[in-house]
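Here the structure is a predicted model, which means the values were calculated and not measured. Below, chain A is the first sequence line, B the second, and so on; all start at residue 1.
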2 protein chains.
Amino acid sequence: MARTTISDVAEAAGVSVSTVSRALRGLDKVNPDTRKKVERAAERLNFSFSKSASSLARGKTMKVAVLLPNEISGWFNAHAFEGIYEVLSKQGYDVIPNVMWEQRDLDRFFKALPNNQNVDAVIVVSFDLDDDKKRILSELTVPVIGVNTPTDDGLDASARIDDFAAMRSAVRLLHSLGHRNLAYIEQPVVSPFLCSAEIRLNGFREAAREVGCRDEDVLIVPSVARAGGPGEQEEYSGIAAQLLSAPVRPTGICVEHDACAAALIKELRRLGWDIPGEVSVIGFDDSYIANITGLTTIHQNPVETGRQAAARALSLMRGECPSEPYAIMPTSMVLRDTTGPAVESEA
Amino acid sequence: MARTTISDVAEAAGVSVSTVSRALRGLDKVNPDTRKKVERAAERLNFSFSKSASSLARGKTMKVAVLLPNEISGWFNAHAFEGIYEVLSKQGYDVIPNVMWEQRDLDRFFKALPNNQNVDAVIVVSFDLDDDKKRILSELTVPVIGVNTPTDDGLDASARIDDFAAMRSAVRLLHSLGHRNLAYIEQPVVSPFLCSAEIRLNGFREAAREVGCRDEDVLIVPSVARAGGPGEQEEYSGIAAQLLSAPVRPTGICVEHDACAAALIKELRRLGWDIPGEVSVIGFDDSYIANITGLTTIHQNPVETGRQAAARALSLMRGECPSEPYAIMPTSMVLRDTTGPAVESEA
DNA sequence: ATGAAAGCGCTAACAC
DNA sequence: GTGTTAGCGCTTTCAT
């Protein structure tokens with residue numbers, strides 16, 4: 001059978017199509033009785049609006065695009081998306097993930113964006129945008145909202161944590177526990193645009209200096225793309241080796257992500273290190289893995305960050321300007337079983 | 001500035017709109033030179049099609065809905081979605097998650113479905129549909145594809161694992177290790193429609209019988225909704241208590257999900273149990289948590305399951321009928337550090 | 001190979 | 001309050 005249209009409903013209810021439209025969308029200036037009649041008819045015919053048709057007519061798509069780096073199933077992305085979805089879907093929006101695998105995907109998306117009336121807003125998650133793209137954004141008609149973006153440049157609104165400050169608190173914790181030789185481990189296999197990495201590293205570096213570490217007391221283990229994903233244990237023997245072979249062995253270690261930290265700890269323990277006896281490790285995120293493995297870490301709530309971003313998207317789409325467009329979301333240290341006081345150096 | 005439309009391109013290229021339409025969509029019967037001209041103009045004007053307009057004109061939405069229970073960030077859902085997204089987005093489809101929080105959400109979705117030309121297909125993930133809904137499905141024009149649904153009833157295609165067989169293999173492993181007193185732990189806080197639970201339990205029950213367990217040798221710890229999520233450690237002290245107070249203490253334990261198993265093991269160890277010395281534990285899923293905690297478990301690949309489902313959705317949307325509409329995806333045991341031989345009973 | 005024109009189903013003036 | 005009507009931007013016969 002052919003689709004039931006608004007005029008079928010109109011006919012069944014004995015009114016005009018515009019009345020049906022008004023009645024069903026809850027607009028005012030429609031007689032309560034008429035409305036009831038229309039609703040009844042719509043119900044009976046199992047009518048629902050064609051989104052394409054009303055989009056076309058109204059010039060609003062009721063869709064918002066969510067740009068995600070690499071994958072939607074990662075801990076942060078999935079939870080941020082969840083928060084975004086939660087608030088937007090309740091308002092009738094279709095929330096459409098757009099996973100960017102390579103730089104070209106991003107380029108293409110942004111190329112089409114200026115003229116793209118296919119979404120009412122775009123939310124970019126964890127991206128580091130180059131100046132070209134920021135310029136495009138600034139001339140855009142649809143609002144662009146950031147989630148954990150490195151800066152707010154070119155964005156109409158954003159919600160993000162302060163990676164820099166968070167790392168600083170981790171360093172201070174280690175320092176106050178007596179650790180003087182620190183290390184920072186970058187996550188293996190980074191995506192081309194994932195952006196928190198750099199900021200966290202900088203936060204670590206600067207905080208280390210603040211607490212009085214000389215550069216030679218600080219070891220940075222850079223991200224190296226190797227075979228296998230970050231879940232692969234082999235990744236971490238190389239990192240452990242670098243830790244072992246450092247001129248002065250670090251006793252306090254910050255890791256870019258929980259999953260990474262957990263895998264590293266596993267490897268370190270396998271090699272006979274005592275954690276937290278000999279060395280303390282701090283993760284980042286407070287994902288489920290941190291909880292189950294007893295990892296000391298920095299907590300953040302990506303679902304809430306997503307919600308905040310989506311709420312701002314909503315008001316922007318309504319043409320309002322949010323009173324506080326750029327939200328900084330809180331983080332907090334959670335102490336578990338991988339950090340402890342530094343032992344006396346055996347000097 | 002107003003949106004660039006197809007007629008702007010037509011004008012710029014000096015041809016008619018229909019030619020532009022044909023040229024840009026790669027249809028044949030268009031002169032190569034003309035096509036080039038049109039492409040150039042489109043490029044220059046930064047043109048892209050309005051999805052709503054072409055949907056409306058063609059009667060195809062280029063959208064597919066993915067129905068998910070509870071949350072999109074859960075391990076299975078997120079990965080299945082990822083697989084679905086991967087294949088569908090490459091073909092130009094918008095993949096729209098639809099999270100069902102309560103039964104009413106599902107009811108409402110299905111009520112609107114029969115007349116809903118707003119999506120070209122719907123993929124249902126992990127749902128147990130009642131007969132009413134199955135009946136609706138059977139009269140539907142758009143294809144409906146299942147991912148890890150309990151049955152294939154009413155579905156045009158599906159991809160799913162055999163939960164029943166998977167549990168059986170777990171039970172057999174325990175039995176062959178000498179375990180005679182078995183337990184099955186349901187996941188705390190189950191959703192109203194998540195459906196694998198029942199099948200896994202049945203698989204466990206039946207397999208236990210097959211290997212010769214009497215009913216009194218088998219302990220089922222049912223799911224009880226308690227405060228806090230499944231990540232909360234407190235959940236598991238209650239479960240541990242049930243295990244401890246059982247008439248005959250089980251030494252082989254199957255758990256509905258990895259996360260659950262990991263938390264239980266943590267609690268058990270805290271209480272002084274030796275795993276795998278005194279008791280063996282097997283999880284389900286082989287999620288990252290199983291890997292990092294060394295959990296023996298049953299592996300499945302939800303991304304691939306999602307891909308298979310999406311591939312079938314694709315051919316169904318093209319009007320083909322897939323030669324093998326109902327795919328059973330493989331599972332496999334992965335042995336890690338939480339299973340071992342049963343110790344001699346101290347009789 | 002290309003163009004003209006009739007919709008697709010709905011919304012938003014504008015009239016009554 | 002309600003009806004009429006002109007589009008929204010595209011696809012698709014049907015001519016040419």
Side-chain angles (χ1 to χ4, degrees), chain A residues 1-39 41-42 45-63 92 94 112 115-120 141, chain B residues 1-39 41-42 45-63 92 94 112 115-120 141:
Chain A
M1 63 208 169
R3 142 152 224 156
T4 308
T5 74
I6 200 174
S7 50
D8 295 328
V9 179
E11 190 172 344
V15 296
S16 75
V17 290
S18 38
T19 302
V20 174
S21 176
R22 285 187 281 250
L24 258 28
R25 286 187 299 154
L27 302 190
D28 46 356
K29 301 209 169 194
V30 38
N31 186 307
D33 292 348
T34 316
R35 189 188 302 271
K36 201 138 292 168
K37 223 170 34 179
V38 172
E39 278 165 351
L45 295 175
N46 243 290
F47 172 77
S48 61
F49 286 109
S50 154
K51 288 208 179 204
S52 329
S54 67
S55 292
L56 184 55
R58 298 201 304 156
K60 291 188 157 302
T61 62
M62 294 307 282
K63 299 197 280 193
D94 282 343
N115 180 54
N116 179 337
Q117 239 67 318
N118 286 324
V119 294
D120 295 337
T141 49
Chain B
M1 61 206 171
R3 146 155 218 150
T4 308
T5 73
I6 199 174
S7 50
D8 296 328
V9 179
E11 190 172 344
V15 295
S16 74
V17 290
S18 32
T19 301
V20 174
S21 176
R22 285 188 281 251
L24 258 26
R25 285 186 302 153
L27 301 191
D28 45 354
K29 303 212 166 189
V30 38
N31 186 306
D33 292 348
T34 315
R35 189 189 301 272
K36 203 138 289 171
K37 222 170 38 180
V38 172
E39 279 165 352
L45 296 175
N46 243 289
F47 172 78
S48 61
F49 286 108
S50 155
K51 288 206 179 206
S52 325
S54 61
S55 292
L56 184 55
R58 298 199 306 154
K60 292 195 156 301
T61 62
M62 295 306 282
K63 299 196 281 193
D94 281 343
N115 180 56
N116 180 335
Q117 241 66 320
N118 286 324
V119 293
D120 295 337
T141 48

Practice task
In whole angstrom, give the distance that lies between atom CZ of A:R22 and atom P of D:dT5.
Solution key: 14 Å

Handout entry: Atom-pair distance (CG on A:L45; P on C:dG9), nearest Å
Key = 15 Å

Problem - Side-chain donor/acceptor of B:S55 to backbone N/O of B:K51, under 3.5 Å - result: yes

Practice task
Among C:dC10, C:dT2, C:dG9, find the nucleotide with the atom closest to the side chain of B:V30.
Solution key: C:dT2

Problem - Spacing of A:K37 atom NZ relative to D:dG1 atom P, expressed in whole Å - result: 14 Å

Exercise for the section: Classify the side-chain pair B:T61/B:N118 by whether it contains a donor and acceptor separated by less than 3.5 Å. Expected result: no

Problem - Residue B:S16, side-chain atoms from C-beta onward, closest of C:dA13, C:dC8, C:dA4 - result: C:dA4

Handout entry: From A:R3 atom CZ to A:S48 atom OG, the distance as rounded to the nearest 0.5 Å
Key = 5.0 Å

Practice task
Confirm from the modelled atom types if B:S18 and C:dA4 form a donor-acceptor pair under 3.5 Å, side chain to base only.
Solution key: yes

Handout entry: Under-4.0 Å side-chain N/O to phosphate OP1/OP2 contact, A:S50 with C:dC10
Key = no

Handout entry: Contact under 4.0 Å: A:T34 side-chain N or O vs D:dT2 OP1/OP2
Key = yes

Fill in the blank from the handout: From CG of A:D8 across to C1' of C:dC8 the rounded distance in Å is 14 Å

Exercise for the section: Please tell me which of the listed nucleotides, D:dG3, C:dT2, C:dT11, lies nearest to the side chain of A:A57? Expected result: C:dT11

Practice task
Calculate the interatomic distance between B:R3 atom CZ and D:dG9 atom C1'; express it in whole Å.
Solution key: 8 Å

Exercise for the section: Taking atom CD of B:E39 as the centre, report whether more than 12 heavy atoms of other residues, nucleotides or ligands fall under 6.0 Å from it. Expected result: yes

Problem - Rounded distance (Å) that lies between atom C1' of D:dT11 and atom CG of A:L56 - result: 12 Å

Practice task
Give a yes/no on whether any side-chain N or O of B:S54 is located under 4.0 angstrom from OP1 or OP2 of D:dG9.
Solution key: no

Practice task
Let me know the distance between NZ of A:K36 and P of D:dG1, rounded to the nearest Å.
Solution key: 15 Å

Problem - Proximity to the side chain of B:F47 - top-ranked nucleotide from C:dA12, D:dG3, D:dC10 - result: D:dC10

Practice task
Send over the distance from A:L27 CG to C:dT11 P, rounded to a whole Å.
Solution key: 9 Å

Exercise for the section: Under the side chain to side chain donor-acceptor pair (under 3.5 Å) rule, what do B:S21 and B:S18 come out as? Steps first, then yes or no, please. Expected result: CA-CA 5 Å; B:S21 176; B:S18 32; over 6 Å; no

Practice task
Please determine if a side-chain N or O atom of A:R58 lies less than 4.0 Å away from the OP1 or OP2 oxygen of C:dA13.
Solution key: no

